[in-house]
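A short worksheet on the structure shown next.
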Amino acid sequence: MDDDTGTGTRTLDEFWASENPIFARKELLDIDYIPEEERIIGRDTEIERVASSIHPAVEGDSPRNTLIYGKTGTGKSLVAKHVTQSASEFARNNGTGMGTAYIDCTQSSTETRAVITIARELNDPEKTGITIPVTGLSTDEYYHRLWSILDALYDVVIIILDEIDKLQGSEILMQLSRAGEAGKVNECSVGIIAISNKISFKETLDERILSSLQDREFVFPPYDANQLRNIMYNREDAFKEGVLTEDVIPLSAAIAAQEHGDARKALDILRNAGEIARDQQMEIVTKNHVEDARKRADIDRFAQLLDGQPTQTKVCVYALTLLTEQSSDDEFSTREIHEVYSKIAAELGIDSLSQRRMSDRLNEQVFLDILGRTDRVGRGRGKGVTHLYYLLEDPDVIKSVLADDSRFNNFSDYLVT
DNA sequence: AATCCACAGGAAGTCTCGGTTA
DNA sequence: TAACCGAGACTTCCTGTGGATT
(Lines give C-alpha, C1' and ligand atoms only; values in the text may rest on other atoms or scores of the structure.)
Protein backbone atom coordinates (compact mmCIF):
# COMPACT_ATOMS: atom_id res chain seq x y z
CA MET A 1 0.00 0.00 0.00
CA ASP A 2 1.66 3.15 -1.10
CA ASP A 3 -1.22 5.56 -0.88
CA ASP A 4 -4.05 5.96 1.55
CA THR A 5 -6.95 4.89 -0.59
CA GLY A 6 -6.16 1.41 0.57
CA THR A 7 -6.51 0.13 -2.96
CA GLY A 8 -2.92 0.11 -4.07
CA THR A 9 -2.20 2.18 -7.12
CA ARG A 10 -5.79 2.45 -8.26
CA THR A 11 -7.94 5.48 -7.79
CA LEU A 12 -11.25 5.12 -6.05
CA ASP A 13 -13.08 5.38 -9.36
CA GLU A 14 -11.12 2.53 -10.73
CA PHE A 15 -11.82 0.65 -7.54
CA TRP A 16 -15.59 1.04 -7.89
CA ALA A 17 -15.45 0.09 -11.51
CA SER A 18 -13.21 -2.87 -11.05
CA GLU A 19 -14.80 -6.16 -11.77
CA ASN A 20 -14.99 -8.68 -9.01
CA PRO A 21 -12.19 -11.06 -9.92
CA ILE A 22 -13.15 -13.79 -7.48
CA PHE A 23 -16.88 -14.35 -7.31
CA ALA A 24 -19.21 -15.16 -10.14
CA ARG A 25 -22.43 -16.07 -8.30
CA LYS A 26 -21.78 -15.34 -4.69
CA GLU A 27 -25.38 -16.07 -3.68
CA LEU A 28 -24.66 -19.77 -4.10
CA LEU A 29 -22.61 -19.57 -0.92
CA ASP A 30 -25.53 -18.21 1.01
CA ILE A 31 -26.74 -20.80 3.49
CA ASP A 32 -30.35 -19.88 2.86
CA TYR A 33 -30.02 -20.44 -0.82
CA ILE A 34 -32.18 -23.41 -1.72
CA PRO A 35 -30.42 -25.42 -4.37
CA GLU A 36 -32.23 -27.59 -6.87
CA GLU A 37 -32.70 -31.09 -5.65
CA GLU A 38 -29.59 -32.57 -7.15
CA ARG A 39 -27.56 -30.01 -5.29
CA ILE A 40 -28.69 -31.19 -1.88
CA ILE A 41 -25.99 -33.60 -0.93
CA GLY A 42 -26.17 -36.59 1.36
CA ARG A 43 -29.64 -35.92 2.69
CA ASP A 44 -31.56 -38.29 0.45
CA THR A 45 -32.99 -40.44 3.19
CA GLU A 46 -33.85 -37.38 5.24
CA ILE A 47 -35.67 -35.77 2.35
CA GLU A 48 -37.56 -38.95 1.73
CA ARG A 49 -38.59 -39.31 5.35
CA VAL A 50 -39.75 -35.75 5.75
CA ALA A 51 -41.59 -36.00 2.46
CA SER A 52 -43.34 -39.17 3.52
CA SER A 53 -44.48 -37.64 6.74
CA ILE A 54 -46.12 -34.67 5.02
CA HIS A 55 -47.27 -36.69 2.06
CA PRO A 56 -50.94 -36.76 3.03
CA ALA A 57 -50.91 -32.99 2.75
CA VAL A 58 -50.64 -32.87 -1.02
CA GLU A 59 -54.03 -34.49 -1.23
CA GLY A 60 -55.45 -32.20 1.37
CA ASP A 61 -55.39 -34.71 4.21
CA SER A 62 -53.82 -34.10 7.59
CA PRO A 63 -50.04 -34.18 7.41
CA ARG A 64 -48.23 -35.76 10.29
CA ASN A 65 -46.46 -33.51 12.70
CA THR A 66 -42.72 -33.81 12.47
CA LEU A 67 -39.87 -33.10 14.79
CA ILE A 68 -36.40 -32.67 13.32
CA TYR A 69 -33.25 -32.65 15.38
CA GLY A 70 -29.69 -32.01 14.36
CA LYS A 71 -26.74 -29.73 15.00
CA THR A 72 -26.45 -26.41 13.21
CA GLY A 73 -25.59 -26.71 9.58
CA THR A 74 -26.83 -30.25 9.07
CA GLY A 75 -29.39 -29.21 6.50
CA LYS A 76 -32.50 -29.25 8.70
CA SER A 77 -34.01 -26.01 7.50
CA LEU A 78 -32.85 -26.65 3.99
CA VAL A 79 -34.57 -30.01 3.76
CA ALA A 80 -37.73 -28.76 5.46
CA LYS A 81 -38.01 -25.78 3.13
CA HIS A 82 -37.17 -27.77 0.08
CA VAL A 83 -39.70 -30.49 0.80
CA THR A 84 -42.54 -28.14 1.66
CA GLN A 85 -41.83 -25.98 -1.34
CA SER A 86 -41.90 -28.92 -3.64
CA ALA A 87 -45.00 -30.31 -1.95
CA SER A 88 -46.91 -27.09 -2.32
CA GLU A 89 -46.04 -26.82 -6.01
CA PHE A 90 -47.24 -30.33 -6.54
CA ALA A 91 -50.37 -29.69 -4.53
CA ARG A 92 -51.16 -26.55 -6.49
CA ASN A 93 -50.97 -28.43 -9.77
CA ASN A 94 -53.37 -30.96 -8.37
CA GLY A 95 -55.89 -28.48 -7.15
CA THR A 96 -55.12 -28.70 -3.46
CA GLY A 97 -54.88 -25.39 -1.63
CA MET A 98 -51.74 -25.82 0.37
CA GLY A 99 -50.03 -23.09 2.32
CA THR A 100 -46.65 -23.05 3.96
CA ALA A 101 -45.21 -20.73 6.55
CA TYR A 102 -41.66 -20.58 7.79
CA ILE A 103 -41.02 -19.08 11.21
CA ASP A 104 -37.57 -18.40 12.53
CA CYS A 105 -38.11 -18.58 16.26
CA THR A 106 -34.98 -16.61 17.01
CA GLN A 107 -36.68 -13.69 15.29
CA SER A 108 -40.19 -14.32 16.60
CA SER A 109 -39.44 -15.66 20.00
CA THR A 110 -42.66 -14.96 21.84
CA GLU A 111 -45.98 -16.65 21.29
CA THR A 112 -47.65 -13.54 19.98
CA ARG A 113 -44.83 -12.61 17.60
CA ALA A 114 -44.87 -16.10 16.18
CA VAL A 115 -48.62 -16.11 15.61
CA ILE A 116 -48.41 -12.74 13.93
CA THR A 117 -45.66 -13.94 11.64
CA ILE A 118 -47.57 -17.06 10.70
CA ALA A 119 -50.75 -15.14 10.05
CA ARG A 120 -48.99 -12.53 7.95
CA GLU A 121 -47.22 -15.13 5.88
CA LEU A 122 -50.38 -17.02 5.12
CA ASN A 123 -52.73 -14.11 4.72
CA ASP A 124 -53.83 -12.65 1.44
CA PRO A 125 -55.78 -9.53 2.37
CA GLU A 126 -57.17 -9.23 -1.17
CA LYS A 127 -59.02 -12.51 -0.80
CA THR A 128 -59.77 -12.72 2.89
CA GLY A 129 -60.37 -9.10 3.71
CA ILE A 130 -58.57 -9.78 6.97
CA THR A 131 -55.73 -7.56 8.05
CA ILE A 132 -53.04 -8.51 10.48
CA PRO A 133 -51.66 -5.43 12.19
CA VAL A 134 -48.05 -5.76 13.21
CA THR A 135 -48.97 -4.96 16.76
CA GLY A 136 -51.86 -3.88 18.87
CA LEU A 137 -54.22 -6.83 19.16
CA SER A 138 -54.49 -9.38 21.91
CA THR A 139 -52.93 -12.76 21.33
CA ASP A 140 -56.40 -14.30 21.26
CA GLU A 141 -57.49 -12.01 18.50
CA TYR A 142 -54.45 -12.91 16.41
CA TYR A 143 -55.25 -16.58 16.80
CA HIS A 144 -58.82 -15.89 15.87
CA ARG A 145 -57.80 -14.14 12.67
CA LEU A 146 -55.31 -16.86 11.87
CA TRP A 147 -58.02 -19.54 12.09
CA SER A 148 -60.25 -17.47 9.82
CA ILE A 149 -57.49 -17.12 7.28
CA LEU A 150 -56.80 -20.83 7.31
CA ASP A 151 -60.45 -21.68 6.80
CA ALA A 152 -60.88 -19.15 4.06
CA LEU A 153 -57.82 -19.89 1.95
CA TYR A 154 -56.42 -23.34 2.50
CA ASP A 155 -57.16 -27.02 2.57
CA VAL A 156 -53.97 -27.69 4.42
CA VAL A 157 -51.04 -25.71 5.76
CA ILE A 158 -47.58 -26.75 6.82
CA ILE A 159 -45.91 -24.57 9.40
CA ILE A 160 -42.17 -24.82 9.86
CA LEU A 161 -40.99 -23.65 13.25
CA ASP A 162 -37.25 -23.31 13.01
CA GLU A 163 -35.05 -23.24 16.12
CA ILE A 164 -38.10 -23.98 18.17
CA ASP A 165 -36.05 -24.31 21.33
CA LYS A 166 -35.63 -20.54 21.24
CA LEU A 167 -39.36 -20.07 21.52
CA GLN A 168 -40.54 -18.92 24.92
CA GLY A 169 -43.33 -21.14 26.12
CA SER A 170 -45.02 -23.84 24.18
CA GLU A 171 -48.56 -22.51 24.15
CA ILE A 172 -48.38 -21.95 20.42
CA LEU A 173 -47.50 -25.56 19.75
CA MET A 174 -50.50 -26.58 21.74
CA GLN A 175 -52.76 -24.24 19.83
CA LEU A 176 -51.49 -25.25 16.42
CA SER A 177 -51.41 -28.94 17.02
CA ARG A 178 -54.88 -28.93 18.50
CA ALA A 179 -56.41 -26.47 16.07
CA GLY A 180 -58.36 -29.10 14.20
CA GLU A 181 -59.48 -31.15 17.16
CA ALA A 182 -60.66 -28.16 19.12
CA GLY A 183 -62.88 -27.14 16.24
CA LYS A 184 -61.13 -23.84 15.77
CA VAL A 185 -60.69 -24.54 12.09
CA ASN A 186 -63.04 -26.67 10.06
CA GLU A 187 -61.92 -26.60 6.46
CA CYS A 188 -58.20 -26.77 6.92
CA SER A 189 -55.75 -29.15 8.53
CA VAL A 190 -52.54 -28.00 10.08
CA GLY A 191 -49.18 -29.75 10.05
CA ILE A 192 -46.15 -28.68 12.02
CA ILE A 193 -42.53 -29.28 11.23
CA ALA A 194 -40.58 -28.33 14.31
CA ILE A 195 -36.83 -27.97 14.03
CA SER A 196 -34.51 -27.97 16.99
CA ASN A 197 -30.80 -28.37 17.43
CA LYS A 198 -31.14 -29.61 20.94
CA ILE A 199 -32.24 -33.17 21.47
CA SER A 200 -33.03 -32.22 25.02
CA PHE A 201 -35.69 -29.84 23.76
CA LYS A 202 -38.28 -32.55 24.08
CA GLU A 203 -37.77 -32.74 27.80
CA THR A 204 -39.00 -29.21 28.20
CA LEU A 205 -42.36 -29.95 26.63
CA ASP A 206 -45.32 -31.12 28.57
CA GLU A 207 -46.94 -34.47 27.95
CA ARG A 208 -49.97 -33.31 26.05
CA ILE A 209 -48.00 -31.37 23.47
CA LEU A 210 -45.52 -34.15 23.15
CA SER A 211 -48.15 -36.70 22.34
CA SER A 212 -49.58 -34.62 19.53
CA LEU A 213 -46.19 -33.62 18.19
CA GLN A 214 -44.43 -36.88 18.41
CA ASP A 215 -45.81 -38.53 15.32
CA ARG A 216 -42.56 -38.43 13.46
CA GLU A 217 -39.13 -37.70 14.77
CA PHE A 218 -35.89 -37.54 12.84
CA VAL A 219 -32.32 -36.86 13.77
CA PHE A 220 -30.12 -35.37 11.10
CA PRO A 221 -26.55 -36.61 11.46
CA PRO A 222 -23.67 -34.21 10.88
CA TYR A 223 -22.13 -34.15 7.43
CA ASP A 224 -18.89 -36.03 7.05
CA ALA A 225 -15.87 -34.52 5.32
CA ASN A 226 -16.77 -36.25 2.10
CA GLN A 227 -20.25 -34.82 1.96
CA LEU A 228 -19.00 -31.38 2.90
CA ARG A 229 -16.54 -31.54 0.05
CA ASN A 230 -19.27 -32.48 -2.37
CA ILE A 231 -21.52 -29.72 -1.07
CA MET A 232 -18.81 -27.22 -1.78
CA TYR A 233 -17.88 -28.65 -5.15
CA ASN A 234 -21.51 -28.33 -6.05
CA ARG A 235 -21.48 -24.65 -5.27
CA GLU A 236 -18.10 -24.12 -6.81
CA ASP A 237 -19.52 -21.99 -9.59
CA ALA A 238 -20.07 -19.29 -7.03
CA PHE A 239 -16.47 -18.57 -7.90
CA LYS A 240 -15.04 -17.67 -11.26
CA GLU A 241 -13.39 -20.43 -13.16
CA GLY A 242 -9.91 -21.31 -11.97
CA VAL A 243 -10.00 -19.00 -8.96
CA LEU A 244 -9.92 -21.73 -6.35
CA THR A 245 -6.65 -23.57 -5.97
CA GLU A 246 -7.23 -27.24 -5.66
CA ASP A 247 -6.65 -27.67 -1.95
CA VAL A 248 -9.06 -24.94 -0.90
CA ILE A 249 -12.23 -27.01 -0.81
CA PRO A 250 -10.74 -30.13 0.78
CA LEU A 251 -9.19 -27.99 3.49
CA SER A 252 -12.41 -26.10 4.19
CA ALA A 253 -14.26 -29.40 4.34
CA ALA A 254 -11.74 -30.87 6.73
CA ILE A 255 -11.99 -27.88 9.05
CA ALA A 256 -15.79 -27.92 9.06
CA ALA A 257 -15.91 -31.68 9.53
CA GLN A 258 -13.86 -31.31 12.69
CA GLU A 259 -16.39 -28.81 13.94
CA HIS A 260 -19.35 -31.17 14.05
CA GLY A 261 -19.89 -31.34 10.31
CA ASP A 262 -21.42 -27.92 10.02
CA ALA A 263 -22.15 -27.06 6.39
CA ARG A 264 -22.93 -23.47 7.25
CA LYS A 265 -19.48 -23.12 8.67
CA ALA A 266 -17.95 -24.73 5.61
CA LEU A 267 -19.64 -22.26 3.30
CA ASP A 268 -18.83 -19.33 5.56
CA ILE A 269 -15.19 -20.26 5.49
CA LEU A 270 -15.25 -20.57 1.74
CA ARG A 271 -16.92 -17.23 1.27
CA ASN A 272 -14.68 -15.48 3.74
CA ALA A 273 -11.63 -16.95 2.06
CA GLY A 274 -12.85 -15.48 -1.20
CA GLU A 275 -13.46 -12.10 0.38
CA ILE A 276 -10.07 -12.03 1.99
CA ALA A 277 -8.44 -12.90 -1.31
CA ARG A 278 -10.38 -10.16 -3.03
CA ASP A 279 -9.41 -7.61 -0.36
CA GLN A 280 -5.83 -8.52 -1.02
CA GLN A 281 -6.45 -8.08 -4.73
CA MET A 282 -5.45 -11.62 -5.44
CA GLU A 283 -6.75 -13.46 -8.44
CA ILE A 284 -6.75 -16.82 -6.78
CA VAL A 285 -7.87 -18.21 -3.43
CA THR A 286 -5.28 -20.27 -1.60
CA LYS A 287 -4.92 -22.41 1.47
CA ASN A 288 -3.66 -19.44 3.44
CA HIS A 289 -6.84 -17.55 2.77
CA VAL A 290 -8.80 -20.47 4.14
CA GLU A 291 -6.76 -20.45 7.34
CA ASP A 292 -7.34 -16.73 7.76
CA ALA A 293 -11.00 -17.14 7.02
CA ARG A 294 -11.36 -19.78 9.66
CA LYS A 295 -9.94 -17.48 12.29
CA ARG A 296 -12.13 -14.65 11.16
CA ALA A 297 -15.23 -16.84 11.17
CA ASP A 298 -14.51 -17.96 14.71
CA ILE A 299 -14.06 -14.44 15.93
CA ASP A 300 -17.17 -13.20 14.16
CA ARG A 301 -19.34 -15.98 15.45
CA PHE A 302 -18.15 -15.53 18.98
CA ALA A 303 -18.37 -11.77 18.91
CA GLN A 304 -21.95 -12.06 17.78
CA LEU A 305 -22.78 -14.41 20.62
CA LEU A 306 -21.06 -12.45 23.30
CA ASP A 307 -22.12 -9.06 22.10
CA GLY A 308 -24.96 -7.79 24.21
CA GLN A 309 -24.29 -10.24 26.98
CA PRO A 310 -24.06 -8.59 30.38
CA THR A 311 -20.64 -7.89 31.83
CA GLN A 312 -21.12 -10.58 34.44
CA THR A 313 -21.39 -13.15 31.70
CA LYS A 314 -18.28 -11.89 30.02
CA VAL A 315 -16.40 -12.13 33.29
CA CYS A 316 -17.47 -15.75 33.64
CA VAL A 317 -16.20 -16.51 30.17
CA TYR A 318 -13.02 -14.61 30.85
CA ALA A 319 -12.41 -16.58 34.03
CA LEU A 320 -12.78 -19.81 32.14
CA THR A 321 -10.47 -18.51 29.45
CA LEU A 322 -7.72 -17.71 31.93
CA LEU A 323 -8.10 -21.09 33.57
CA THR A 324 -7.86 -22.87 30.26
CA GLU A 325 -4.80 -20.92 29.24
CA GLN A 326 -2.91 -21.40 32.44
CA SER A 327 -3.62 -25.00 33.13
CA SER A 328 -3.12 -28.24 31.32
CA ASP A 329 -6.78 -29.08 31.77
CA ASP A 330 -9.51 -27.72 29.63
CA GLU A 331 -12.56 -28.53 31.73
CA PHE A 332 -13.32 -26.88 35.04
CA SER A 333 -15.83 -27.27 37.80
CA THR A 334 -18.19 -24.55 38.90
CA ARG A 335 -16.17 -23.98 42.04
CA GLU A 336 -12.88 -23.49 40.22
CA ILE A 337 -14.46 -21.05 37.82
CA HIS A 338 -16.12 -19.18 40.62
CA GLU A 339 -12.84 -18.66 42.46
CA VAL A 340 -11.20 -17.03 39.48
CA TYR A 341 -14.38 -15.22 38.57
CA SER A 342 -14.53 -13.57 42.00
CA LYS A 343 -10.96 -12.36 41.72
CA ILE A 344 -11.58 -10.83 38.34
CA ALA A 345 -14.78 -9.21 39.49
CA ALA A 346 -12.96 -7.70 42.45
CA GLU A 347 -10.20 -6.47 40.17
CA LEU A 348 -12.75 -4.83 37.90
CA GLY A 349 -14.59 -3.36 40.85
CA ILE A 350 -17.91 -4.97 40.09
CA ASP A 351 -20.11 -7.06 42.34
CA SER A 352 -19.51 -10.74 42.19
CA LEU A 353 -22.39 -13.16 42.05
CA SER A 354 -22.86 -16.10 44.33
CA GLN A 355 -21.70 -19.48 43.15
CA ARG A 356 -25.31 -20.58 42.96
CA ARG A 357 -26.22 -17.78 40.62
CA MET A 358 -23.07 -18.08 38.56
CA SER A 359 -23.80 -21.72 37.97
CA ASP A 360 -27.18 -20.75 36.52
CA ARG A 361 -25.43 -18.24 34.30
CA LEU A 362 -22.92 -20.78 33.13
CA ASN A 363 -25.76 -23.07 32.18
CA GLU A 364 -27.45 -20.30 30.24
CA GLN A 365 -24.23 -19.87 28.33
CA VAL A 366 -24.10 -23.56 27.60
CA PHE A 367 -27.60 -23.23 26.21
CA LEU A 368 -26.49 -20.35 24.02
CA ASP A 369 -23.51 -22.32 22.75
CA ILE A 370 -21.06 -19.89 24.26
CA LEU A 371 -19.60 -22.59 26.46
CA GLY A 372 -19.61 -26.35 26.46
CA ARG A 373 -20.35 -28.66 29.35
CA THR A 374 -19.76 -32.27 30.19
CA ASP A 375 -21.37 -34.04 33.09
CA ARG A 376 -18.97 -36.24 34.93
CA VAL A 377 -20.29 -39.02 37.09
CA GLY A 378 -18.39 -39.83 40.23
CA ARG A 379 -14.93 -38.65 41.19
CA GLY A 380 -16.02 -35.05 41.48
CA ARG A 381 -18.28 -36.38 44.22
CA GLY A 382 -21.05 -34.09 43.35
CA LYS A 383 -24.65 -35.11 43.21
CA GLY A 384 -23.80 -38.09 41.11
CA VAL A 385 -22.84 -35.71 38.35
CA THR A 386 -20.50 -32.76 38.36
CA HIS A 387 -20.72 -30.15 35.66
CA LEU A 388 -17.47 -29.37 33.94
CA TYR A 389 -17.39 -26.38 31.66
CA TYR A 390 -15.08 -25.85 28.74
CA LEU A 391 -14.50 -23.27 26.04
CA LEU A 392 -15.85 -23.82 22.58
CA GLU A 393 -13.28 -21.51 21.06
CA ASP A 394 -9.60 -20.94 21.19
CA PRO A 395 -8.62 -18.75 24.17
CA ASP A 396 -6.97 -16.31 21.76
CA VAL A 397 -10.19 -15.87 19.86
CA ILE A 398 -12.12 -15.17 23.03
CA LYS A 399 -9.54 -12.75 24.31
CA SER A 400 -9.58 -10.79 21.11
CA VAL A 401 -13.36 -10.60 21.24
CA LEU A 402 -13.39 -9.52 24.87
CA ALA A 403 -10.68 -6.98 24.21
CA ASP A 404 -13.34 -4.93 22.42
CA ASP A 405 -14.77 -4.24 25.82
CA SER A 406 -12.31 -1.74 27.20
CA ARG A 407 -12.69 -3.04 30.73
CA PHE A 408 -10.94 -6.19 29.71
CA ASN A 409 -8.01 -4.37 28.21
CA ASN A 410 -4.59 -4.52 29.76
CA PHE A 411 -5.92 -7.03 32.17
CA SER A 412 -3.11 -9.02 33.62
CA ASP A 413 -3.02 -12.76 33.92
CA TYR A 414 -1.59 -13.05 37.39
CA LEU A 415 -4.88 -14.04 38.93
CA VAL A 416 -4.72 -17.75 38.47
CA THR A 417 -2.32 -19.53 40.71
C1' DA B 1 -21.65 -50.13 57.22
C1' DA B 2 -21.78 -45.56 58.71
C1' DT B 3 -20.50 -41.18 57.91
C1' DC B 4 -18.59 -37.45 55.27
C1' DC B 5 -18.12 -34.45 51.44
C1' DA B 6 -19.24 -31.17 48.03
C1' DC B 7 -22.08 -30.35 44.39
C1' DA B 8 -26.64 -29.45 41.48
C1' DG B 9 -30.62 -27.47 41.66
C1' DG B 10 -35.28 -26.51 44.20
C1' DA B 11 -37.70 -23.37 47.45
C1' DA B 12 -38.47 -19.27 49.45
C1' DG B 13 -37.34 -14.70 50.64
C1' DT B 14 -35.31 -9.92 49.38
C1' DC B 15 -34.51 -6.06 46.30
C1' DT B 16 -35.24 -3.29 42.51
C1' DC B 17 -37.60 -1.47 38.76
C1' DG B 18 -41.29 -0.15 35.76
C1' DG B 19 -45.94 0.37 35.34
C1' DT B 20 -50.68 0.91 37.23
C1' DT B 21 -54.31 2.03 40.44
C1' DA B 22 -56.75 4.50 44.25
C1' DT C 1 -48.62 11.13 45.22
C1' DA C 2 -48.66 7.13 47.75
C1' DA C 3 -49.61 2.52 47.55
C1' DC C 4 -49.64 -1.44 45.08
C1' DC C 5 -48.38 -5.13 41.83
C1' DG C 6 -45.66 -8.40 39.19
C1' DA C 7 -41.48 -9.78 37.02
C1' DG C 8 -36.88 -10.82 37.17
C1' DA C 9 -32.37 -11.10 39.22
C1' DC C 10 -30.25 -12.40 43.05
C1' DT C 11 -29.36 -14.46 47.67
C1' DT C 12 -29.55 -17.89 51.38
C1' DC C 13 -30.91 -22.13 52.90
C1' DC C 14 -31.85 -26.73 52.09
C1' DT C 15 -32.30 -31.51 50.19
C1' DG C 16 -30.86 -35.40 47.71
C1' DT C 17 -27.17 -37.75 46.00
C1' DG C 18 -23.49 -41.21 45.41
C1' DG C 19 -18.49 -41.84 45.56
C1' DA C 20 -14.83 -41.30 49.18
C1' DT C 21 -13.34 -41.92 53.76
C1' DT C 22 -13.28 -43.98 58.08
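Lettering of chains follows the sequences in order, A, B, ..., and the numbering in each one begins at 1. The basis for the numbers below is simple: all heavy atoms, side chains too, and nothing from hydrogens, waters or symmetry mates.
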Q. With sequence neighbours left out, what residues match A:E339 under salt bridge (charged side-chain N to carboxylate O under 4.0 Å, His left out)?
A. A:R335
**Q.** Lys NZ or Arg CZ of A:R43 over A:Y223 ring: under 6.0 Å, within 45°
**A.** yes
Q | Between C1' of B:dC7 and CG of A:D375, the distance in whole Å | A | 12 Å
**Q.** Ring geometry between A:Y143 and A:W147 (parallel below 30°, tilted from 30 to 60°, perpendicular above 60°)
**A.** parallel
(Q) Using a heavy-atom cut-off of 4.0 Å across all strands, would you classify A:S333 as base, sugar-phosphate, or nothing? (A) nothing
Q | With A:N197 via side chain to side chain donor-acceptor pair (under 3.5 Å) - residues at least two apart | A | none
Q. Among residues 350-366 of chain A, which residues get a heavy atom nearer than 4.0 Å to DNA chain C?
A. A:S352, A:L353, A:S354, A:R356, A:R357, A:R361
Q. A:H338 has an atom NE2; how far is it from atom C1' of B:dA6, in whole Å?
A. 15 Å
Q | Distance under 6.0 Å and angle within 45° of ring axis: A:K76 vs A:Y69 | A | no
